[in-house]
2 protein chains.
Amino acid sequence: MSEQARSVRDFNRYYSQRIGLLTDRYLGQDRPLSEARLLYEIGTGASVRDLRTRLGWDSGYLSRSLRSLEGQGLVQLRAHETDGRVRVAELTAAGTAELAELERRSTAAASELLAPLTVSQRAELIAAQHRTRQLLRLAAVTVEVVEADSAAARHCLTEYAAELSIRFPEGYDTRALVDPAEVSGAGGAFLVGYEQGRPIGCGGIRTLGPGTAELCHLWVHGDARGLGLGRRLLAELERQAVTRSLHTVRLGTHRSLSEAATLYRSAGYHQIPVYGDSPYNQLCFERTLADDVPGKAAPSLDPGGVRLQFAGGRRGG
Amino acid sequence: MSEQARSVRDFNRYYSQRIGLLTDRYLGQDRPLSEARLLYEIGTGASVRDLRTRLGWDSGYLSRSLRSLEGQGLVQLRAHETDGRVRVAELTAAGTAELAELERRSTAAASELLAPLTVSQRAELIAAQHRTRQLLRLAAVTVEVVEADSAAARHCLTEYAAELSIRFPEGYDTRALVDPAEVSGAGGAFLVGYEQGRPIGCGGIRTLGPGTAELCHLWVHGDARGLGLGRRLLAELERQAVTRSLHTVRLGTHRSLSEAATLYRSAGYHQIPVYGDSPYNQLCFERTLADDVPGKAAPSLDPGGVRLQFAGGRRGG
DNA sequence: AGAGATCTCTGACTATAGTCAGAGAAGTGA
DNA sequence: TCACTTCTCTGACTATAGTCAGAGATCTCT
């Protein structure tokens, strides 16, 4: 673990050197890097408030930067339609052109970087970067036990239901959603995964009978598929089951969700006869859990390590 | 290509955000990031001159930074043994402790980053980062045709000979090195690969007979093995052969250099009877080249791309 | 020995990226 | 309506990172 941490650290060190060359010298060639970032963040238009949280900047600093871009004719500010306090920044024609130029430049820099590689090496680099990024995104996701009727949980379940109603040929009846009381407290749990504060996945367990849990509503946002979040949520739900002495986990899924069946099979679930009366239970799985669930969550840091704050970002007074 | 460039660019953008959090907030928590970098770069001791080139800093800036670290009791400066102009920076006991603390912190930050991942996901991340870095390093290497008696070429050949004299049970006699005149001009060529200005690999071809070239002294520095540089040098040497109308390339290698034999085989070479009178030619290979050598060097940029300066770094007035 | 190059250092300056306090306008809930 | 909050903005300040010119010591080459 510690050796792996060192490897990650060295990669960061190497990459920050390389990236420094790229971003500093090319992206922001004619203008401060901060202004370039701001232009990029404004994109098709954003409220000052959103920009402030997205960039994590001081309001004074942001205001001044916007004033500067406005002075250069790249940005226009107007009042929000409904909230008179809020101002909305939009790119002017010149600003849009400038952003396009920045994009062109950074893409060209990336092209230049790829140029010396052979075709297969390039493909390999793209794939390795892609996987690196996926795993880093996954590592940045925090999974929390929440109330099933909290805003985050309801948000996820709404998206979940909306997606199923599209994917199931027969549609999806939201009355099939679990009763919040069942996935909470001593008999159940509901988990939500957040990426930078935004809920991007969920899942619940409830007690089905003595020692038996049912897993339900495991869902990952379309943007976040392929990261391995489903697997992580599943492992975490299993841990929740074990702490409630529920050593048998079963679940039903729909025939059209083939990737779900694949996930359960690869996580050690075996198919069982269909149970329950839900019309959406077309394929059922079960698994018996040992007391220590494999694929379990984060072991603690190596002994010498301090606990550092990560998520959120600000210095955390 | 352009899509790949966009993918690389997006990765850079994502990673620079992540990295910003890491380096700014953790590495340089108590002191400016630049001082932390300088401490790291001094390590076990380095001349001011080397630091200047390694960090790419202005001499005034570096001098002042060193003065600051000296004032904090972390660094001591002394004169160079042989060159009175040069000053050498060394960490004091306090400096060494401080560096260890920085290392510990950044390793802990990396640990924290890995924590949410499963064991196999961690291994995957390490592997993907490793490959990413290898390919980026390879992409940053420039391969140039040089005079075989230039400083860079002699440097490589010296290291090459030193390594062979260790690896060959019978040692290596430097009189077996090729005559510089043979690997230059119309009948030959000598290539050196540079990573950030430092020679890290070489190789030559000379004319053996009509239409036949001999490849010799293909070498990659220990630090740079596994990048794919040997393959790149080989491909480039083959291109040089073709431009000289040498369509048959042969070479001899030593039985103890198994990785070399593997490289040649995988690059399309087949074994031939031993030729020549060198005692080190124990395993010989040959390949016939078409006019366009596969695995050839960098295709040009996509049409819209500008040519940007990369190597070297400074703004290039 | 002398010319020219190299190396380090100091002084003076600039640009970028922030931070902090507080004012004033606009919304929100009792 | 009134207290409170939210949002944006301005003024004043600081830290970090860097640039440029030139002085003085030392080395190298002829």
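Below, chain A is the first sequence line, B the second, and so on; all start at residue 1.
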Only residue of A:Thr92, A:Ile42, A:Leu38 satisfying side-chain contact (heavy atoms from CB on, under 4.5 Å) with A:Val75 is A:Ile42
From CZ of B:Arg64 across to C1' of C:dG11 the rounded distance in Å is 8 Å
Among the nucleotides C:dA25, D:dT10, C:dT16, whichever has the atom closest to the side chain of A:Ser63 is D:dT10
| query | Do B:Glu103 and A:Arg6 sit within salt-bridge range, that is, some charged N less than 4.0 Å from a carboxylate O? | reply | no
**Item:** N or O in side chain of A:Arg49 less than 4.0 angstrom from D:dC7 OP1/OP2
**Value:** yes
Margin query: For a quick check of understanding: with a heavy-atom distance under 4.0 Å over all strands, which category does B:Thr53 fall into, base, sugar-phosphate or nothing?
Written below: nothing
A:Asp58 CG to D:dC9 C1', in whole Å, measures 11 Å
query: Would you say D:dA17 has OP1 or OP2 under 4.0 Å from some side-chain N or O of B:Ser34?
result: yes
Atom CD of A:Glu70 and atom P of D:dT8 are separated, to the nearest Å, by 14 Å
When rounded to whole Å, the CG to P distance for the pair B:Leu69 and D:dA17 reads 12 Å
Looking for any heavy atom pair under 4.0 Å, which part of the strands does A:Ser65 touch: base, sugar-phosphate only, or nothing?
-> nothing
Does the distance from a Lys or Arg side-chain N to an Asp or Glu carboxylate O, for B:Arg31 and B:Glu98, drop under 4.0 Å? yes
### Query
Would you say the side chain of B:Ser47 and the base of C:dC7 hold a donor-acceptor pair, judged only by whether the two atoms sit under 3.5 Å apart?
no
Cationic N near anionic O, under 4.0 Å, B:Arg78 to B:Glu81: yes
Closest of C:dG18, C:dA17, D:dT6 to the A:Trp57 side chain is C:dG18
B:Leu33 atom CG is separated from D:dG18 atom C1', nearest whole Å, by 14 Å
Out of D:dT8, D:dC27, C:dG27, minimum distance to the side chain of A:Arg52 belongs to D:dT8
Rounded to whole Å, the OH-P distance (B:Tyr61 to C:dT14) equals 18 Å
Heavy-atom nearest nucleotide on DNA chain C taken for A:Glu35 and for B:Val88; more 5' hit belongs to B:Val88
Can you find a side chain N or O atom of A:Arg87 that sits less than 4.0 Å from OP1 or OP2 on D:dC9? yes
Query raised in the report: D:dC9 base to A:Ser59 side chain: any donor-acceptor pair below 3.5 Å?
Result: yes
Is A:Arg133 positioned over the aromatic face of B:Tyr14, cation under 6.0 angstrom from the ring centre and no more than 45 degrees off axis?
yes
From CZ of A:Arg67 across to C1' of D:dT10 the rounded distance in Å is 10 Å
Here the distance between atom P of C:dA26 and atom NE2 of A:His80, to the nearest Å, is 15 Å
